[in-house]
Q: 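First the structure, which I've put down as structure tokens, then a few questions once you've had a look.
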Protein chains: 2
Amino acid sequence: MNKRITLADLAEKTGLNVSTVSRALSRPNRVSTETRQLVQKVATELGYAVNIVARNLSRGTSDTILVLAPSFSGQAISPVFTQILLGVCEEATSLGLRVMLQQCLDQTLSANDVIQSLRAGVADSALIVAAQNWMPSLDREPDEESLPVVSIMKDLTAEGLTSVTTQEADGFVAIVDHLLRRGHKRFAYIAGPKEIKHEEIRYRAVCDRLTAHGYTDNLVRLEGGQFDMPSGVRAAERFLELPERPSAVICCSDALALGFLHVVQGRGLRVPDDVAVTGYDGMDYTGFTTPALTTVAQPTVEIGRVAVQALADLKCGRITRPRLVSLSPTFIPRQSS
Amino acid sequence: MNKRITLADLAEKTGLNVSTVSRALSRPNRVSTETRQLVQKVATELGYAVNIVARNLSRGTSDTILVLAPSFSGQAISPVFTQILLGVCEEATSLGLRVMLQQCLDQTLSANDVIQSLRAGVADSALIVAAQNWMPSLDREPDEESLPVVSIMKDLTAEGLTSVTTQEADGFVAIVDHLLRRGHKRFAYIAGPKEIKHEEIRYRAVCDRLTAHGYTDNLVRLEGGQFDMPSGVRAAERFLELPERPSAVICCSDALALGFLHVVQGRGLRVPDDVAVTGYDGMDYTGFTTPALTTVAQPTVEIGRVAVQALADLKCGRITRPRLVSLSPTFIPRQSS
DNA sequence: TTGTAGGCGTTATCAA
DNA sequence: TTGATAACGCCTACAA
């Protein structure tokens with residue numbers, strides 16, 4: 001790679017001063033028409049590219065969003081996060097921001113860690129995805145300026161973070177109503193990790209809705225363990241051992257549902273005739289299982305975009321107090337229920 | 001966020017010179033024991049964090065890898081890329097490097113664009129994922145220093161880029177051999193995008209292997225269009241119209257296979273009895289379809305890790321000429337064939 | 001409109 | 001071992 005072209009080179013070549021060249025490039029209207037044109041011509045001739053690092057140091061910014069996404073020990077990122085990431089990247093690009101990705105092994109994130117990263121100057125705002133255990137900063141005054149950090153998929157407004165989530169309860173209410181309309185009376189709920197907040201919200205939504213319709217003792221809860229397919233398999237095995245099998249199974253993720261389907265179909269049960277199954281997330285494969293899986297699609301890409309916008313709003317002071325943005329999911333009834 | 005703590009602050013507090021403080025922190029052994037301890041103590045007391053931007057400017061590096069990954073207009077990133085990304089992040093972290101993610105809309109990447117990014121200083125090396133159309137730099141001498149760029153999933157050694165790929169042909173040879181052993185004699189191949197190089201390699205591998213076994217006119221090629229599930233659906237519809245249906249269908253991606261399965265099962269065909277189906281990629285859902293899908297798993301995470309290592313080797317001069325690293329995929333026979 | 005000069009926070013060179 | 005000083009490349013008052 002040839003030597004870097006700097007503003008000094010352009011200055012020399014044009015006979016102008018470095019500051020003039022700088023202005024011509026970054027504030028074109030603060031300079032005469034001819035200097036501007038001259039500078040731009042020479043700049044493209046020489047293939048000039050600003051040194052972002054130098055600019056950032058000078059300006060004290062970095063125009064970079066740090067994205068912290070959990071990856072469960074060796075496991076892939078959840079496809080949900082991948083989609084969110086896409087939305088984040090799209091919106092960031094359209095705002096002229098860069099995205100720095102950092103996978104973190106567990107879901108415990110300390111505010112101090114994030115603050116440390118921001119202080120280091122590699123990013124000037126952060127997005128934390130599905131941070132189950134957010135540890136607020138120890139040494140902060142209560143009414144200190146709020147951090148340029150937005151939480152995705154997890155409501156952390158109580159901890160002072162603007163958050164973007166899905167209205168999960170709505171999704172599960174839609175599922176329950178749908179199953180009730182179909183005439184089901186006995187239900188199973190296949191749970192994900194117990195310690196996770198989503199889990200609580202989802203389970204509670206299902207319980208409450210059933211109770212509201214007068215079905216109080218009609219719900220069996222089966223522990224999946226994780227949100228993944230092997231967990232669905234394990235849950236299915238326990239399901240098959242139940243003395244009286246529920247006729248409808250509500251899985252709290254598509255992956256669980258797929259694992260469940262795999263097992264019960266393998267044992268000869270017909271879906272939905274013998275047992276109806278529903279998922280949650282809206283993974284693309286749900287439309288192509290046999291039978292196609294009823295599910296609730298999360299507005300993943302939009303979540304990513306909205307989160308970046310919230311970050312921008314925070315930075316320019318348009319958001320001052322922690323705010324919760326909760327997007328609606330879409331119920332997708334299909335043949336499995 | 002409180003004012004940033006700088007080296008100057010530490011210098012003032014300790015009564016030492018800025019340069020000494022800097023050394024105490026970055027080259028602890030080039031400084032007396034007591035200064036080192038003093039500086040470290042004060043640094044933690046004040047919560048000092050180096051300003052990476054300033055350091056980078058001074059050192060002329062950025063310790064950042066730019067990852068360019070294609071996202072097909074609004075579509076999510078392929079799960080394959082997601083896994084690769086995980087490997088990249090893991091390896092980068094363990095080498096103390098940061099990862100900057102940039103999604104690009106089409107698969108045409110110009111060397112000049114990448115060079116531009118590198119010149120800007122935001123990254124000092126780049127990983128390009130599945131770059132179907134790499135346009136080499138126009139203004140480079142042939143024996144110029146090679147770019148710190150590694151291509152993933154696509155062999156660009158001819159263009160001067162060290163590349164990390166999968167031995168795709170091997171994967172498809174394994175599939176063909178497996179199907180032949182199972183006694184199949186007539187085959188269909190469901191293709192992805194025609195213009196893509198992978199496609200050629202895969203199709204050729206299948207053709208050659210069949211020919212080598214004396215099956216010359218026994219292969220029907222059906223165009224999927226894309227690598228995704230809806231394309232598998234379309235291909236299946238064309239498959240069903242064939243006058244004489246092949247007994248084995250080789251899909252060049254798992255997504256195509258899933259879409260295909262969905263349709264033919266919906267029409268009452270039994271898999272694998274009426275038609276055997278195979279996929280490619282090793283997506284996690286393949287183990288949980290009914291029947292489970294025979295496929296070939298790509299060593300995705302490893303690809304990511306190896307690519308980052310190659311980048312490191314390039315930078316420290318351990319790789320001087322473009323090199324191809326091709327990893328072996330794993331054949332996974334299951335119930336669908 | 002343009003030029004001068006200082007600063008952003010670190011690192012590296014060269015003396016002391 | 002430490003300290004002064006000059007980069008690194010760009011931006012921005014302020015002055016001309």
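Please read all numbers here as calculations on a predicted model, not as lab measurements.
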Q: Got more than 12 heavy atoms from elsewhere within 6.0 Å of CD, B:E12?
A: no

Q: Look at all strands and tell whether A:L7 reaches a base, only sugar-phosphate, or nothing, counting heavy atoms closer than 4.0 Å.
A: sugar-phosphate

Q: With respect to the phosphate group of C:dT2, does any side-chain polar atom (N or O) of A:S19 fall under 4.0 Å of OP1 or OP2?
A: no

Q: Could you go through the side-chain contact (heavy atoms from CB on, under 4.5 Å) check for B:I115 and B:R119 one step at a time?
A: CA-CA 6 Å; B:I115 292 176; B:R119 283 232 179 96; 4.1 Å; yes

Q: Could you state the atom-to-atom distance from CG of A:D9 to P of D:dC8 in whole Å?
A: 11 Å

Q: Give B:T6 one of three labels, base, sugar-phosphate or nothing, depending on what nucleic acid heavy atoms sit under 4.0 Å from its own.
A: sugar-phosphate

Q: Specify the separation, in whole Å, of atom CZ of B:R55 and atom P of C:dC8.
A: 19 Å

Q: Which comes earlier along DNA chain D counting from the 5' end, the contact point of B:R36 or that of A:T20, where each point is its nearest nucleotide?
A: B:R36

Q: Tell me: CG of B:L57 to P of C:dC8, nearest whole Å?
A: 14 Å

Q: Considering every strand and a 4.0 Å limit on heavy-atom distances, what is the contact class for A:N17: base, sugar-phosphate, or nothing?
A: base

Q: Is B:S22 near enough to C:dT11 that one of its side-chain N or O atoms lies under 4.0 angstrom from OP1 or OP2?
A: yes

Q: For B:N56 and D:dC10, what is the distance between atoms CG and P respectively, to the nearest whole Å?
A: 15 Å

Q: Give the nucleotide from the list D:dT2, D:dC11, C:dT2 with an atom nearest to the side chain of B:T35.
A: D:dT2

Q: Is there a donor and acceptor pair, one atom on the side chain of B:S58 and one on the base of C:dT10, closer than 3.5 Å?
A: yes

Q: In sequence, state the C-alpha distance, the side-chain angles, and the governing distance for B:T157 and B:R323, and then conclude on side-chain contact (heavy atoms from CB on, under 4.5 Å).
A: CA-CA 6 Å; B:T157 48; B:R323 168 186 304 181; 5.8 Å; no

Q: If I take atom CD1 in residue A:I52 and atom P in nucleotide D:dC8, what distance separates them, rounded to the nearest angstrom?
A: 19 Å

Q: For A:S32, which contact category applies under a 4.0 Å heavy-atom criterion: base, sugar-phosphate, or nothing?
A: sugar-phosphate

Q: From CZ of B:R23 over to C1' of D:dT1, roughly how many Å is that when rounded to an integer?
A: 8 Å

Q: Expressed as a whole number of angstroms, how long is the span from A:R4:CZ to D:dG9:C1'?
A: 10 Å

Q: Check if the side chain of A:R59 and the base of C:dG7 share a donor-acceptor pair of N or O atoms closer than 3.5 Å.
A: no

Q: How close or far is atom P of D:dA4 from atom CG of B:L16, stated in whole angstroms?
A: 11 Å

Q: How far does CD1 of B:I84 sit from OG1 of B:T300, to the nearest 0.5 angstrom?
A: 6.5 Å

Q: How about CD on A:E195, more than 12 heavy atoms from neighbouring residues, nucleotides or ligands closer than 6.0 Å, or not?
A: yes

Q: Among the nucleotides D:dC10, C:dT1, C:dG9, which one has an atom lying closest to any side-chain atom of A:A54?
A: D:dC10

Q: How would you label the contact of A:V53 with the nucleic acid (heavy atoms, under 4.0 Å): base, sugar-phosphate, or nothing?
A: nothing

Q: How is B:R27 classified with respect to the nucleic acid when contacts are heavy atoms under 4.0 Å: base, sugar-phosphate, or nothing?
A: sugar-phosphate

Q: Walk me through whether B:T166 and B:L327 qualify under side-chain contact (heavy atoms from CB on, under 4.5 Å).
A: CA-CA 5 Å; B:T166 306; B:L327 305 177; 5.6 Å; no

Q: Tell me whether the side-chain N/O atoms of A:Y48 come closer than 4.0 Å to OP1 or OP2 in D:dC10.
A: yes

